[in-house]
Amino acid sequence: MAIFSLILYTIISSFILHFILSLFFRKRYPVPLPPGPKPWPIIGNIVQLGPKPHQSTASMARTYGPLMHLRMGFVDVVVAASASVAAQFLKNHDANFSSRPPNSGAKHMAYNYHDLVFAPYGPRWRMLRKICSVHLFSAKALDDFRHVRQEEVRTLTRALANAGQKPIKLGQLLNVCTTNALARVMLGKRVFADGTNGIDPQAEEFKLMVVEMMVLAGVFNIGDFIPALDWMDIQGVAGKMKKLHARFDAFLTTILEEHKGKRVGESKEQGDLLNTLISLKNEEDDNGGKLTDTEIKALLLNLFIAGTDTSSSTVEWAIAELIRNPKILAQAQQEIDKVVGKDRLVVESDLAQLAYLEAIVKETFRLHPSTPLSLPRIASESCEINGYFIPKGSTLLVNVWAIARDPNEWVDPLEFRPERFLPGGEKPKVDVKGNDFEVIPFGAGRRICPGMSLGIRMVQLMTATLIHSFNWALPTGQLPEKLNMEEAFGLTLQRADPLVVHPIPRLEAQVYGG
Ligand code: HEM
């Protein structure tokens, strides 16, 4: 009983204190804040966000405009919901928005900001980003590990060809493929069985952990916005984060210690990233910084979380769209058959000749961007944008999902229409790489996704291979036009109903490798 009285007392006194303080310290700004829905006392607009904030803020933007102000507890939040407003923040004012706001996910799950995703913009962020750019994402690194991606996609194809009459959960197998491909580059070995004998229970567990992390990271935790209530962990989010972190940390510590025990060359892939990271521990970077074990684990965690489900769920959405649009699927199969033939699988060097496939992938990134609110940024200083005041410390959310469905930018924006990206279409020159702000699934500016080239290659290779190697059917009784395309809640855009399908091989049996 005493604890309840204490909680009640704390809540009531914070309300009264806030009310009195806001009377005395009402802020005066030189120009107005952007428009937005009226906030409730103390909690502000938290409740109005609901379970799918990218959807709720998109619908608010229809009333208040593409630059909107929300109040979340004690934190100012600005939402950019049009291409031109996003460009203002991520191009013209990018330097001012190059750090991420403090949040419980970074504290409890990302080794207290010792990672790359949440590192404040500065020398340590630069060091971590450079390591990844050179050893993982450079054109050379991508080419060196091309065989790994192709082998893992081949393994996926074999598992699908062996599925027989049983319908399969496609997302799960795609996730095994992206995770193993990344693990071989980062750790020199697969982390899961390949799915040819059914799903590895460890893979199931790992995907669930990744999805749980995305879901927890996507929760608007009240303690982040009302610091006085942080200790109560009202939603139980911090507790869950700490438990999940302990599981991930055990997994990563084992991998790191095993690796330290190995001599260089014992890893199956020569020069895997973890070997490089361990060797860099003794070297100072340009600013005299050295990598620590914690930073290595935090970086591995970032790459596994940011680099697996993002790509696999994009491919899952692409196949769902193609099942609903059989004419587009048939046209893509025709294009790939012409370039690749029917007696081998697609390889990465084919991709440059597959313009229609590229358009399908762009259209999937447009309608189903895997991080619909991108990752938040913070205003290091106050600034003025489009005549509105953006206070220092504001959190910036760029609604890339809403921007890519903006009827002012796109004809029939909800239609899946790859042709719009082809010559003669409405946006033939538009790309998804952060220069054309009407479709920015990888963000833009200094903190744009560093894994973009890898992500695009992997999504294109998997999608092309699945289109070329199989026809796709839904379990008996399900109609393609009735396929549920609802989105689930989380930082990444999962399908509410995982895609369950029958892959029907369309190439000669020996192509799948028996
Ligand atoms: C479909 C694939 C992917 C999508 C759609 C995607 C999307 C994004 C987005 C929207 C951001 C935030 C950018 C910003 O703040 O402006 C981001 C950041 C990041 N992504 Fe990706 N990503 C993908 C694949 C990958 C891959 C394959 C990796 C690595 C293996 C990766 C690693 C990262 C990292 C480390 C960051 C944080 C960068 C920083 O804060 O400096 N991503 N990604």
Side-chain angles (χ1 to χ4, degrees), residues 54 80 86-87 89-91 94 97-101 106 110 113 115-122 124-133 135-137 141-142 145 148-149 174-175 177-179 181-187 210 214 217-218 273 295 298-318 361-362 364-378 395-401 403-404 432-435 437 439-463 491-493:
H54 62 285
F89 283 103
L90 300 179
K91 196 161 135 192
D94 183 43
F97 288 91
S98 286
S99 282
R100 309 224 182 261
Y113 304 88
D115 66 332
L116 166 59
V117 175
F118 294 106
Y121 182 62
R124 197 160 52 80
W125 170 79
R126 227 169 268 121
M127 170 183 81
L128 294 172
R129 185 128 177 159
K130 189 170 157 198
I131 292 172
C132 293
S133 304
H135 299 287
L136 201 56
F137 303 131
L142 285 180
F145 288 107
V148 169
R149 294 187 293 278
L174 293 171
N175 199 258
C177 176
T178 51
T179 309
L182 202 55
R184 283 179 62 187
V185 176
M186 290 189 345
L187 315 173
V210 171
M214 294 300 197
L273 180 76
E295 282 163 351
L299 190 57
L300 294 181
L301 178 71
N302 276 175
L303 298 172
F304 270 126
I305 299 294
T308 55
D309 200 56
T310 42
S311 303
S312 60
S313 60
T314 305
V315 180
E316 191 186 8
W317 281 111
V361 168
K362 282 184 185 174
T364 309
F365 277 129
R366 182 183 72 82
L367 274 177
H368 308 288
S370 51
T371 43
L373 284 178
S374 188
L375 295 178
R377 311 276 192 97
I378 187 170
T395 291
L396 165 68
L397 300 176
V398 179
N399 194 335
V400 299
W401 181 90
I403 293 171
V432 294
K433 296 184 180 165
N435 303 313
F437 282 82
V439 52
I440 44 169
F442 296 93
R446 286 170 175 72
R447 285 201 94 135
I448 191 173
C449 174
M452 178 170 67
S453 303
L454 173 61
I456 293 177
R457 275 203 203 191
M458 197 61 191
V459 170
Q460 286 183 343
L461 179 65
M462 287 196 291
T463 310
L491 190 63
T492 56
L493 204 67

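Ligands are counted one by one from 1 in listed order, and the atoms in each one are counted from 1 as well. In this text the structure is predicted, and so the values were computed from the model without any measurement.
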When you measure from [atom] to every protein heavy atom, which one gives the shortest distance, and what is it?
atom: atom 29 (C) of ligand 1; result: Phe137 CZ, 3.5 Å
atom: atom 37 (C) of ligand 1; result: Val117 CG2, 3.7 Å
atom: atom 14 (C) of ligand 1; result: Arg447 O, 3.2 Å
atom: atom 7 (C) of ligand 1; result: Pro441 O, 3.4 Å

Need the ligand 1 atom indices (1-based, order shown) with element for anything under 4.0 Å from a heavy-atom of [X].
X: Arg100; result: 14 (C), 15 (O), 39 (C), 40 (O)
X: Ala444; result: 16 (O)
X: Ser370; result: 4 (C), 5 (C)
X: Leu116; result: 35 (C), 40 (O)
X: Thr314; result: 1 (C)

4.5 Å side-chain heavy-atom contact, [X] and [Y]:
X: Trp125; Y: Arg447; value: yes
X: Val400; Y: Thr371; value: no
X: Phe89; Y: Asp94; value: no
X: Leu273; Y: Leu303; value: yes
X: Phe97; Y: Leu90; value: no
X: Met458; Y: Leu182; value: no
X: Asp115; Y: Leu301; value: no
X: Arg457; Y: Leu142; value: yes

* Using the side chain to side chain contact (heavy atoms under 4.5 Å, CB included) rule, take Tyr121 and Arg126 through it: C-alpha gap first, then chi angles, then the decisive distance, then the call. => CA-CA 7 Å; Tyr121 182 62; Arg126 227 169 268 121; 4.0 Å; yes
Ignoring hydrogens, just give me the one of Ser374, Gly445, Ser98 whose non-hydrogen atom is nearest atom 12 (C) of ligand 1.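 Considering heavy atoms of Ser374, Gly445, Ser98, the nearest to atom 12 (C) of ligand 1 sits in Ser374.
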Any idea which of Tyr121, Phe118, Phe365 brings a heavy atom closest to atom 1 (C) of ligand 1?
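Comparing heavy atoms across Tyr121, Phe118, Phe365, the nearest one to atom 1 (C) of ligand 1 lies in Phe365.
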key: Leu300 and Leu187: CA distance, side-chain angles, deciding distance, side chain to side chain contact (heavy atoms under 4.5 Å, CB included) verdict   = CA-CA 9 Å; Leu300 294 181; Leu187 315 173; 4.2 Å; yes
What about [X]: any of its N or O atoms under 3.5 Å from an N or O on ligand 1?
X: Ser311; answer: no
X: Trp125; answer: yes
X: Arg377; answer: yes

Any Asn302 heavy atom less than 4.0 Å to ligand 1: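 Checking ligand 1 against Asn302, which is what was asked, there is no heavy-atom contact under 4.0 Å.
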- Item | Non-hydrogen atom of Arg446 closer than 4.0 Å to ligand 1 |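 No heavy atom of Arg446 comes that close to ligand 1.
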**Study point:** Verdict with supporting geometry, Arg377 and Val398, side chain to side chain contact (heavy atoms under 4.5 Å, CB included)
**Key:** CA-CA 9 Å; Arg377 311 276 192 97; Val398 179; 5.9 Å; no
### Task
Please step through side chain to side chain contact (heavy atoms under 4.5 Å, CB included) for the pair Phe145 and Leu454, ending with a clear verdict.
CA-CA 10 Å; Phe145 288 107; Leu454 173 61; over 6 Å; no
*So, Thr463 side chain and Gln460 main chain: donor-acceptor pair closer than 3.5 Å or not?*
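No: the side chain of Thr463 does not pair with the backbone of Gln460.
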Have a look around atom 21 (Fe) of ligand 1 and list protein N/O/S atoms under 2.8 Å, or say none.
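Near atom 21 (Fe) of ligand 1, below 2.8 Å, one finds Cys449 SG.
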Would you call the rings of His368 and Trp317 parallel, tilted or perpendicular, where under 30° means parallel and over 60° means perpendicular?
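His368 and Trp317: parallel rings.
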